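Just so it is clear, the values below take in all heavy atoms, side chains as well, and ignore hydrogens, waters and symmetry mates. The model shown is predicted, which means the values in this text are computed figures rather than measured ones.
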Amino acid sequence: MLYKFVKIISSIVSMLPQAVRQNIGNLLGEVCWLLVPPKRKTMAVNNIMCSLDADTMQATTIAKRSAARFGRMFMEVLYMPKLNKDNIRKSVHIENSQYLKDALDCGKGVIIATAHSGNWELFGAALAMYGFPIVGVAQKQTNADMDRFMIETRTMAGMHITYKSGVREMVKMLGEGKIVGLLMDQDAGNDGVMVEFFGRLASTPQGAAALARMKDAPIVPAFITANADGTHKAILHPPIWVQKTSSREADILSTTQQLTNIVEQHIRRYPHEWFWLHNRWKNSPNSK
């Protein structure tokens with residue numbers, strides 16, 4: 001039932017002019033901020049103050065913009081079925097795409113290390129529409145109808161989707177020369193490695209470094225950011241290779257720190273686009 005409803009809403013949104021979609025998204029964003037629990041708002045503001053050396057007013061503004069952008073993201077995701085390889089260039093420009101092409105030419109597959117910054121859903125779809133062989137690693141939604149809609153939307157864009165539990169499939173896809181996209185900016189609990197993030201230790205996913213070391217594959221840090229006119233820019237960084245020594249743990253830790261530094265630099269440049277409402281330092285020894 002929910003699936004059919006979302007499909008109908010998506011069809012309606014696809015017929016609206018961009019300015020109208022943006023205005024509706026902005027309104028939904030205001031509602032998003034109002035619905036955030038006070039405890040979560042306080043956590044976000046405190047983390048922004050600590051990370052960016054911002055005062056309370058500045059931090060509150062960033063936190064609000066970070067939450068409000070989900071309204072626009074929601075509208076953009078609903079509009080995604082309308083995008084295709086012929087019109088995607090009007091919506092998303094890829095900066096330094098040669099980095100990804102060069103990495104693919106190595107013949108080992110590629111890992112994209114990205115973050116919950118900007119519209120990461122649109123990012124993966126755009127890369128696929130540009131002709132890159134993208135494998136999206138998805139978190140299974142608790143609602144089956146929403147999970148079906150999201151998987152369908154991603155595959156329509158040309159992405160191959162696997163769930164986080166599909167590690168064997170990720171390894172297989174890398175071996176076939178595909179690009180595996182991994183988000184690496186959320187608290188990883190006991191499964192992560194502790195690296196510095198904004199001056200504090202944070203449990204960080206080690207999947208990108210571990211897979212790259214295993215398959216000798218390059219890692220391309222990459223992000224997406226929104227332009228003022230509602231279009232987007234994808235920013236690609238030069239490929240990174242894991243320095244393979246006799247210590248697997250040290251290699252993974254070193255590479256994860258290197259990637260996390262790049263994530264941090266991007267967030268510092270676009271702080272309002274990152275997901276500050278997530279409890280990133282939940283398992284940090286600094287917060288105990």
Side-chain angles (χ1 to χ4, degrees), residues 1-37 40 66-88 90-92 112 114-170 173 178-183 186 224 226 230-232 234 273 275 277-278:
M1 187 71 176
L2 178 60
Y3 171 78
K4 291 181 179 179
F5 176 73
V6 175
K7 290 285 287 184
I8 292 171
I9 296 299
S10 177
S11 297
I12 294 172
V13 167
S14 296
M15 293 186 288
L16 299 175
Q18 181 176 333
V20 175
R21 297 197 306 271
Q22 278 189 274
N23 288 334
I24 294 174
N26 290 336
L27 180 60
L28 290 174
E30 293 295 325
V31 175
C32 283
W33 177 247
L34 292 175
L35 294 177
V36 175
R40 183 69 60 169
S66 171
R69 72 191 175 89
F70 280 95
R72 293 188 297 277
M73 280 183 61
F74 179 64
M75 294 299 290
E76 288 165 354
V77 169
L78 290 176
Y79 184 75
M80 273 171 53
K82 191 77 171 181
L83 297 173
N84 55 53
K85 62 181 180 180
D86 296 320
N87 62 23
I88 187 61
K90 296 178 181 179
S91 298
V92 182
I112 281 186
T114 189
H116 292 84
S117 184
N119 191 338
W120 61 88
E121 287 288 347
L122 178 60
F123 184 29
L127 287 174
M129 290 177 202
Y130 267 84
F132 290 106
I134 294 291
V135 178
V137 180
Q139 174 69 50
K140 192 175 182 65
Q141 303 293 311
T142 52
N143 184 284
D145 284 338
M146 283 306 299
D147 191 67
R148 178 184 174 187
F149 175 77
M150 291 306 302
I151 295 296
E152 183 180 282
T153 300
R154 293 161 178 157
T155 53
M156 281 176 60
M159 300 175 67
H160 176 88
I161 301 299
T162 186
Y163 290 112
K164 283 185 176 181
S165 56
V167 177
R168 287 185 179 178
E169 187 174 10
M170 294 181 217
M173 290 293 175
K178 300 294 197 310
I179 301 169
V180 176
L182 294 175
L183 290 151
Q186 289 198 326
I224 189 169
T231 61
H232 299 261
E273 290 193 305
F275 189 28
L277 293 176
H278 170 67

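Here the CE-CD distance, from Met80 to Glu152, works out to 11.5 Å after rounding to the nearest 0.5 Å. Atoms CG and NZ, on Leu78 and Lys7 in that order, are 11.0 Å from each other to the nearest 0.5 Å. With rounding to the nearest 0.5 angstrom, the CG atom of Asn119 is 12.5 Å from the CE atom of Met75. With rounding to the nearest 0.5 Å, the separation of CG in Asn143 from CE in Met150 is 12.5 Å. If you take NZ on Lys82 and CD1 on Ile88, they are separated by 14.0 Å, rounding to the nearest 0.5 Å. Rounded to the nearest 0.5 Å, atoms OH (Tyr79) and CG (Leu122) are 11.0 Å apart.
Counting heavy atoms from C-beta outward, Met170 and Leu182 have side chains that approach closer than 4.5 Å. Using a 4.5 Å heavy-atom cutoff, the side chains of Asp145 and Val6 are not in contact. The closest side-chain heavy-atom distance from Phe70 to Val31 is not below 4.5 Å. At least one side-chain heavy atom of Leu127 sits less than 4.5 Å from a side-chain heavy atom of Ile112. Counting heavy atoms from C-beta outward, Val20 and Asn23 have side chains that stay 4.5 Å or more apart. Between Met173 and His160 there is a side-chain heavy-atom pair separated by less than 4.5 Å.
Scanning all heavy atoms of the two residues, the minimum distance from Met159 to Ala128 falls at CG-CB, 3.7 Å. Between Ile224 and Glu273 the shortest heavy-atom distance is O-OE1, 4.2 Å. For the residue pair Ala67 and Leu277, the shortest heavy atom distance occurs at CB-CD1, 3.7 Å. Smallest separation of non-hydrogen atoms from Leu83 and Ser91: CD2-OG, 3.6 Å. Summarising the geometry of Met156 relative to Pro81, their closest heavy-atom pair is CE-CB, 3.9 Å, with the distance given to 0.1 Å. Smallest separation of non-hydrogen atoms from Gln22 and Arg72: O-CG, 4.4 Å.
Using a distance-only test at 3.5 Å, with no hydrogens or angles considered, no donor-acceptor pair links the side chain of Arg21 to the main chain of Glu76.
Environment of CZ in Phe74: sparse, with no more than 12 heavy atoms of neighbouring residues, nucleotides or ligands closer than 6.0 Å.
The aromatic rings of His116 and Phe275 sit tilted, their planes meeting at an angle between 30° and 60°.
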task = Check the pair Leu27 / Ile24 against side chain to side chain contact (heavy atoms under 4.5 Å, CB included), numbers first and verdict last.
result = CA-CA 5 Å; Leu27 180 60; Ile24 294 174; 5.6 Å; no
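Salt-bridge formation is detected for the pair Glu121/Arg154: a Lys NZ or Arg NE/NH1/NH2 atom is positioned less than 4.0 Å from an Asp or Glu carboxylate oxygen.
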